[in-house]
Amino acid sequence: MTENVKRYFTARKTTTPTLAPDGRLAFLADTTGTTQVWTADEPGAWPRQRTFYDERVSFVSWSPAGGSVVFGKDAGADEHDQLFRLDPATNAVEQLTDDPDAIHRWGAWHPDGDRIAFAANRRDAATFDVYAMDLDSGDPELLSESDEEGFLSVAAWGPDGDRLVVQRSRASSDDDLYVVDAATGERRHVTPHDGQVRYRQPIFGPDGDALYCLSDANADAKELVRIDLAAATDADAVADSTETVVSGGEWSIDGFALDAATGRLALTRNVDGYSELRVGRLTDATEAALADAEIPDGVVHDLTLGPDGERVAATVSAPDLNHSVFVADPPEEVSESLDAVPTERWTRPSPGGVELDAYDSPDLVRYETFDGREIPAYFTLPDGVAEGPETSEVPVVVDIHGGPHHQRRPWFRPIRQYFLDAGYAVFEPNVRGSSGYGREYAALDDVEKRMDSVRDIAKAVEWLRDRPQIDPDGVVAYGRSYGGFMVLAAITEYPDLWAAAVDFVGIANWVTFLENTGDWRRSHREAEYGSLADDREFLESISPIHSADEIRCPLFVQHGANDPRVPVGEARQIADEVESQGVPVETLVFEDEGHHTTKLDNRIEMFERIAAFLDEHV
Ligand SMILES: CSCC[C@H](NC=O)C(=O)N[C@@H](C)C(=O)O
């Protein structure tokens with residue numbers, strides 16, 4: 001089956017839409033093997049390639065004035081993005097930052113479209129400061145120096161151009177917002193709060209006296225809320241002045257776009273992984289009139305508004321739809337009575353060597369785990385393997401997502417179809433700790449509860465083995481990043497369950513991982529996993545490296561030498577240890593990749609090697 005891998009991985013994707021004032025669209029497409037900037041003048045028009053690098057471009061944003069497009073690019077997938085400016089009229093590119101030891105995190109455009117703001121750890125690797133840059137001068141200006149290490153990003157520039165709002169993320173479920181004076185850099189803490197609260201994607205409201213953002217301040221799931229800036233003076237005042245504008249009930253509002261000038265509003269609700277897209281307008285400070293937009297049953301990402309404050313663009317994907325850009329041009333007035341807001345598909349990326357109608361959609365199932373909870377999961381059987389007592393037994397790939405604050409959703413995944421067509425069932429659990437199911441569920445794996453999520457995986461295998469279609473001796477553990485840790489933990493804690501295991505950029509040793517991960521991310525990750533100072537003994541007790549002698553199944557380990565999150569040493573130590581135990585190990589390290597495998601040739605080689613590994617051992 002390895003000869004088929006290329007047919008699946010040549011399916012292209014288009015993401016990260018950004019609209020120009022004249023109606024044109026820029027987006028990222030991986031048509032050439034890495035994501036580059038492309039533009040399209042109208043829906044379905046043949047797009048034009050705008051950047052031509054061997055390295056991936058990570059984001060793109062069109063100036064609200066139209067004359068510039070800014071994009072980010074790293075080297076060797078090391079995530080140390082530099083910023084660049086493209087002139088869409090001449091295709092000339094100017095490098096705006098050139099400090100390869102620093103990460104430049106994209107932020108926002110000044111409403112006049114001639115200045116940008118971003119966060120960067122140029123001064124100190126562990127600390128992100130706020131910078132502003134006049135595109136004509138080309139020199140970054142240190143606007144606000146942080147007094148705290150960790151993740152910081154510029155979220156938006158105020159409509160009056162004299163303020164910025166920045167987001168500090170201290171943990172997966174804990175953020176803070178600050179308003180920064182664009183002239184003096186003076187910073188005001190807007191969201192003092194007790195405990196952990198999420199405040200995401202802040203933007204100034206129509207009259208500048210409030211911030212709108214996604215938050216779980218008032219509920220277990222994220223909502224669209226409004227924070228009155230005048231009232232938000234202390235923790236109690238913030239709690240009192242944070243009002244819910246749109247609630248998703250038990251499901252999170254997980255994306256929104258709001259134009260301060262027009263009140264145009266678009267938002268997405270994450271319903272058991274599937275996206276609802278609703279479009280309308282704020283009718284007053286905390287009310288909105290919205291209607292459903294017509295989109296395929298799948299997942300919406302990258303929601304954005306055009307500079308006209310009316311048109312909505314987003315990436316949509318589904319099990320049988322590769323990532324495509326859709327645009328809605330809503331009617332002036334939208335109300336609940338409106339049947340639906342029409343959308344138009346702007347990009348039609350090639351599906352590669354497999355027709356989209358040959359892609360199977362997963363079933364959403366729930367299985368009971370050790371404490372009686374119901375764990376959601378997507379389960380797909382290969383064609384021809386019907387539900388029912390009498391059927392063939394097939395092997396199954398238990399595909400564990402990373403994060404852990406992440407969620408597997410019904411988006412387009414060629415590897416799933418590859419496994420299905422190779423005769424494997426595919427099982428994709430969202431075990432405790434996953435996002436998308438509220439704050440309480442996301443916290444169920446924090447620190448000392450870490451191994452409860454691994455027990456969820458063991459119970460998943462028990463559920464699978466009870467199904468007549470599944471070969472109990474053909475269960476594969478498969479996961480990347482944090483999911484790679486889950487694979488290594490599962491095959492050390494429950495060694496008899498597995499026929500083989502595939503670990504992509506996984507954590508093998510919590511102490512060396514936290515010691516060697518990027519300085520800017522250590523405190524954030526310690527909030528999730530435990531700290532080196534206080535929890536070292538616990539961290540060692542749950543590190544798979546120290547139980548590697550329990551591993552019985554063949555192991556495939558993949559990593560990227562430039563990984564700034566999970567250092568490549570994690571892969572090397574587990575591979576060496578397992579090999580020393582006489583267990584078959586295959587290792588694949590790409591010298592020109594990092595936490596993600598960004599180059600198509602590398603991806604094809606990786607999956608051809610994994611296909612051959614599984615053909616041999618399962
Ligand atoms: C702060 S983003 C964490 C999500 C990311 N995704 C993959 O699992 C990640 O890097 N996770 C691990 C490795 C980590 O916690 O650093």
Side-chain angles (χ1 to χ4, degrees), residues 58 74 77-81 103 105 119 121 125-126 128 149-153 167-176 196 198 200-201 254 301 399-409 411 413 428-436 442-443 445-447 449-450 453-454 457 477-490 502-532 535 539 542-545 557-560 562-571 573-574 593-598:
S58 57
D74 64 5
D78 65 1
E79 302 180 16
H80 283 57
D81 274 15
I103 296 171
R105 294 163 63 99
N121 59 350
F128 281 92
E149 295 184 351
F151 286 114
L152 182 85
S153 49
Q167 173 185 321
R168 176 169 295 286
S169 290
R170 293 195 177 87
S172 300
S173 297
D174 193 29
D175 309 296
D176 251 323
Q196 291 202 338
R198 283 179 287 179
R200 298 276 164 85
Q201 302 174 28
D254 63 350
H301 283 301
D399 183 347
I400 309 166
H401 70 71
H405 214 261
H406 189 54
Q407 181 186 14
R408 181 57 57 78
R409 300 178 67 178
W411 41 51
R413 296 189 75 236
E428 303 164 88
N430 283 314
V431 298
R432 69 189 65 215
S434 300
S435 56
D445 69 341
D446 286 0
V447 192
K449 294 172 284 192
R450 180 71 39 217
S453 59
V454 186
I457 295 295
Y478 179 102
R480 58 170 290 102
S481 189
Y482 176 81
F485 156 74
M486 292 289 279
V487 164
L488 297 176
V502 181
D503 157 27
F504 300 86
V505 295
I507 297 161
N509 181 331
W510 286 109
V511 171
T512 55
F513 158 69
L514 287 170
E515 286 174 340
N516 300 312
T517 195
D519 292 339
W520 62 90
R521 65 192 315 273
R522 184 171 296 108
S523 60
H524 188 280
R525 306 322 290 147
E526 286 186 310
E528 173 75 33
Y529 299 127
S531 75
L532 288 166
D535 305 300
L539 291 168
I542 64 165
S543 291
I545 190 67
V557 180
Q558 183 278 325
H559 220 108
N562 308 321
D563 190 336
R565 307 187 194 189
V566 180
V568 67
E570 296 300 300
Q573 59 181 298
I574 192 69
E593 299 284 9
H595 199 64
H596 295 283
T597 303
T598 60

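Atoms within each ligand, like the ligands themselves, are counted from 1 in listed order.
Electrostatic pairing of R450 and E528 counts as a salt bridge here, judged by a charged N lying under 4.0 Å from a carboxylate O. A salt bridge is defined here as a Lys NZ or Arg NE, NH1 or NH2 lying under 4.0 Å from an Asp or Glu carboxylate O, and D254 with R409 meets this definition.
If you run side chain to side chain donor-acceptor pair (under 3.5 Å) between D175 and each of R198, R200, Q201, only R200 comes through.
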Which protein N or O atoms sit under 3.5 Å from any N or O of ligand 1? Give atom names and distances.
from: ligand 1; atom 1: 8 (O); to: G403; atom 2: N; distance (Å): 2.5
from: ligand 1; atom 1: 8 (O); to: S481; atom 2: OG; distance (Å): 2.5
from: ligand 1; atom 1: 8 (O); to: Y482; atom 2: N; distance (Å): 3.1
from: ligand 1; atom 1: 10 (O); to: R521; atom 2: NH2; distance (Å): 3.2
from: ligand 1; atom 1: 10 (O); to: R565; atom 2: NH1; distance (Å): 3.4
from: ligand 1; atom 1: 11 (N); to: G403; atom 2: O; distance (Å): 3.0
from: ligand 1; atom 1: 11 (N); to: S481; atom 2: OG; distance (Å): 3.4
from: ligand 1; atom 1: 15 (O); to: R525; atom 2: NE; distance (Å): 2.6
from: ligand 1; atom 1: 15 (O); to: R525; atom 2: NH2; distance (Å): 2.7
from: ligand 1; atom 1: 15 (O); to: Y529; atom 2: OH; distance (Å): 2.5
from: ligand 1; atom 1: 16 (O); to: R521; atom 2: NH1; distance (Å): 2.7
from: ligand 1; atom 1: 16 (O); to: R521; atom 2: NH2; distance (Å): 3.0
from: ligand 1; atom 1: 16 (O); to: R525; atom 2: NE; distance (Å): 3.4

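Under a 3.5 Å cut-off, the side chain of R565 and the backbone N or O of T517 do not form any donor-acceptor pair. Using a distance-only test at 3.5 Å, with no hydrogens or angles considered, no donor-acceptor pair links the side chain of R480 to the main chain of G402.
Scanning both residues, R525 and P404, for their nearest heavy atoms gives NH2-CD, 3.6 Å.
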